[in-house]
Amino acid sequence: MDHTDLYINGAWREGAAGQRFDVINPADETVLASVASAEIADADLALDAAEAAMADWAARTPRARAEVLRKAWELMTARLPDFARLITLENGKAGTDAMGEATYAAEFFRWFAEEAVRADGMITHAPASGARIIVQHKPAGLAVLVTPWNYPAAMGTRKIAPALAAGCGVIIKPAGETPLTMLALMPLLAEAGVPPGLVNVLPTTQSGPLVDHMLHDPRVRVVSFTGSTGVGRKLLRGAADQVLKPAMELGGNAPLIVFEDADIDVAVEGAMLAKMRNLGEACTAANRFYVHEDVAEVFTERFTAAMAALKMGNGIENDVDVGPLVNADTRDKVAYFVSDAVEKGAELRLGGAVPNGPGFFYPPTVLARVPENADCLRDEIFGPVAAIQTFTEQDDVIARANDTEYGLVAYVFTENMKRGLQVCERLEYGMVGLNRGLVSDPAAPFGGVKQSGLGREGGHEGMLEFMETQYISASW
Ligand code: NAD
């Protein structure tokens with residue numbers, strides 16, 4: 001691996017204490033790289049560098065910032081296979097998933113190059129006083145970005161690109177399982193024209209104290225986190241002391257509803273995407289399938305056949321659809337959810353057994369007639385396991401779909417668009433896929449309600465997360 005040190009002020013450095021940690025290839029459990037671990041002193045250096053770089057960057061014209069981002073998109077697009085390979089090596093996901101992620105990750109640079117010049121404000125007359133109301137958006141300040149392992153490139157670029165478009169400097173702390181992709185992106189950003197210090201990367205084994213330290217530095221104004229709801233709550237508490245602007249992309253427990261009037265082939269195709277993209281290790285993964293009794297058997301048969309056709313193996317090989325899960329804990333948790341559901345009475349239609357190692361593999365698995373008390377209906381499965389239940393009444397399935405503290409994404413399949421849109425409106429979710437198993441799009445506002453998060457990434461909203469609104473009351 002070329003880049004395994006901290007990236008601070010445009011240069012590679014050891015951590016202050018000289019500590020390193022191993023990154024493991026989940027397909028064969030070998031050590032891929034030994035990566036420098038950042039300490040508090042390194043965070044201070046990164047904050048100093050980001051502060052200095054931001055002063056000039058924020059003063060550049062929006063077009064000048066946009067052109068750097070556009071160049072980053074071009075450079076990354078030219079190197080997608082290299083990024084995909086690295087994503088597969090450290091995360092495990094199959095080559096097609098990794099190419100999908102790399103492409104999606106690069107698109108945030110293009111999208112926010114286009115958005116950088118569209119921080120629209122407004123001017124109007126105050127209704128009573130007649131003064132002018134001028135509203136404008138300004139860069140919020142330094143941003144601390146914390147990202148998960150399931151999308152080592154895209155969860156980073158989805159934050160870096162809008163922050164840079166807005167004019168902010170950033171310190172990014174990637175997940176310890178998958179820091180290599182974000183480190184590999186840094187020379188590309190430098191080549192695109194990102195000045196030294198504007199983007200700093202701090203892998204660490206000390207996530208809690210390191211991030212908390214940065215959240216208490218007065219120069220930091222934004223914390224943007226993607227990860228579990230539990231860690232999100234901790235960061236919100238840490239952010240409270242300085243009243244930081246939080247953007248929180250947290251966990252999900254997505255329902256996928258197939259009505260009796262759905263096109264079953266469309267529903268199966270959508271369900272495969274919603275469940276198996278990223279082998280289920282996605283906050284958007286369909287976690288609870290609700291299929292109308294009248295079509296439950298035909299849907300389950302066709303869906304199970306599609307799952308059975310997937311080839312599991314080392315994701316670096318060309319014909320593999322399903323790679324390993326990221327680590328042993330994730331694999332063991334998935335195995336627990338399946339055995340718990342089966343013990344409580346679920347029918348195992350496919351998969352369900354942990355294969356011999358090495359590698360953290362778990363096969364595509366289908367559970368039918370899952371009982372209401374199964375743990376997999378309450379928590380994110382985060383693996384290639386579909387938990388299918390049935391329903392007969394529309395009001396009942398909407399109530400069951402909403403019966404969770406999460407509210408990230410839901411999926412609905414019906415050929416009746418009037419019904420579909422009515423159901424979408426009643427679902428307490430930030431996003432709904434209607435006859436589609438994929439909602440993620442750089443041009444759309446991604447995010448959840450309830451305990452799935454605060455704020456939106458992508459779309460027009462994404463850049464505003466890194467900006468403060470200023471209102472000037474003026475007379476002339
Ligand atoms: P995680 O919450 O364990 O870790 C996420 C990041 O937070 C990692 O970088 C980790 O090192 C860091 N971290 C852990 N403890 C910390 C602490 N005390 N202080 C500061 N940072 C800390 O999540 P994960 O296991 O890496 O990722 C899976 C989770 O992410 C799932 O819940 C999934 O739903 C969620 N996720 C959400 C979205 C979304 O957009 N809503 C996208 C992808 C993943």
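All heavy atoms count here, side chains included; hydrogens, waters and symmetry mates do not. Counting starts at 1 for both ligands and their atoms, in listed order.
- Less than 4.0 angstrom separates some heavy atom of G251 from each of these atoms of ligand 1: 32 (O), 34 (O).
- For Y429 and Y406, the ring centers are positioned 6.0 Å apart or more.
- Residue M214 places every heavy atom at 4.0 Å or more from ligand 1.
- Two rings, from F382 and W149, have their centers less than 6.0 Å apart.
- Nearest protein heavy-atom contact of atom 26 (O) of ligand 1 is W149 CD1, 3.0 Å.
- With N253, V231, V223, T330 as candidates, the residue nearest to atom 22 (C) of ligand 1 on a non-hydrogen basis is V231.
- Residue contacts with ligand 1 for P174 involve N, CA, C or O but no side-chain atom from C-beta outward (heavy atoms, distance under 4.0 Å).
- Here the straight-line distance linking atom CG of D48 with atom CZ of R219 works out to 4.5 Å at 0.5 Å rounding.
- No part of Y151 comes within 4.0 Å of ligand 1, judged by heavy-atom distances.
- Where the criterion is an N or O separation shorter than 3.5 Å, residue side chain and backbone included, S207 meets it with respect to ligand 1.
- Under a 4.0 Å criterion applied to the non-hydrogen atoms of L235, ligand 1 contributes the atoms 19 (N), 20 (C).
- Neither the backbone nor the side chain of D212 has a heavy atom within less than 4.0 Å of ligand 1.
- Under 4.0 Å from ligand 1, not a single heavy atom of M248 appears.
- Between F225 and ligand 1, a contact under 3.5 Å exists for no N or O pair.
- A cation-pi arrangement is present between K93 and Y151 under the rule of less than 6.0 angstrom and at most 45 degrees off the ring axis.
- Only side-chain heavy atoms of M155 come within less than 4.0 Å of ligand 1; its backbone N, CA, C and O stay farther off.
- Sorted by first then second residue, the ring pair (Phe, Tyr, Trp, His ring centres under 6.0 Å) pairs that include residues 9-50, not counting sequence neighbours, are H3-W12, Y7-W12.
- K159 places no side-chain N or O within donor-acceptor distance of the main-chain N or O of A143, the cut-off being under 3.5 Å.
- With atom 44 (C) of ligand 1 as the reference point, the heavy atom nearest to it among N150, V146, T147 is part of N150.
- The closest donor-acceptor contact from the side chain of N150 to the backbone of E281 lies under 3.5 Å.
- Side chain of T4 to backbone of V35: no donor-acceptor contact under 3.5 angstrom is found.
- Of the heavy atoms in T229, none comes closer than 4.0 Å to ligand 1.
- For F382, the heavy-atom gap to ligand 1 drops under 4.0 angstrom.
- In this structure, CH2 in W111 is found 9.0 Å from NE2 in H460, a value given to the nearest 0.5 Å.
- Proximity of atom 4 (O) of ligand 1 to the protein is not indicated, since no non-hydrogen protein atom lies closer than 4.0 angstrom.
- In terms of protein heavy atoms, atom 40 (O) of ligand 1 is closest to R158 NH2, 2.8 Å.
- A side-chain donor-acceptor contact under 3.5 Å links E372 and Q389.
- Both tests hold for R158 against F446: distance to the six-membered ring centre under 6.0 Å, angle to the ring axis within 45°.
- For ligand 1 and E380, the ligand atoms under 4.0 Å from any heavy atom of the residue are 31 (C), 32 (O), 33 (C), 34 (O).
- With distances taken over non-hydrogen atoms, the option nearest atom 1 (P) of ligand 1 out of S228, S440, G447, A154 is S228.
- Side-chain polar atoms of N287 and N253 form a donor-acceptor pair below 3.5 angstrom.
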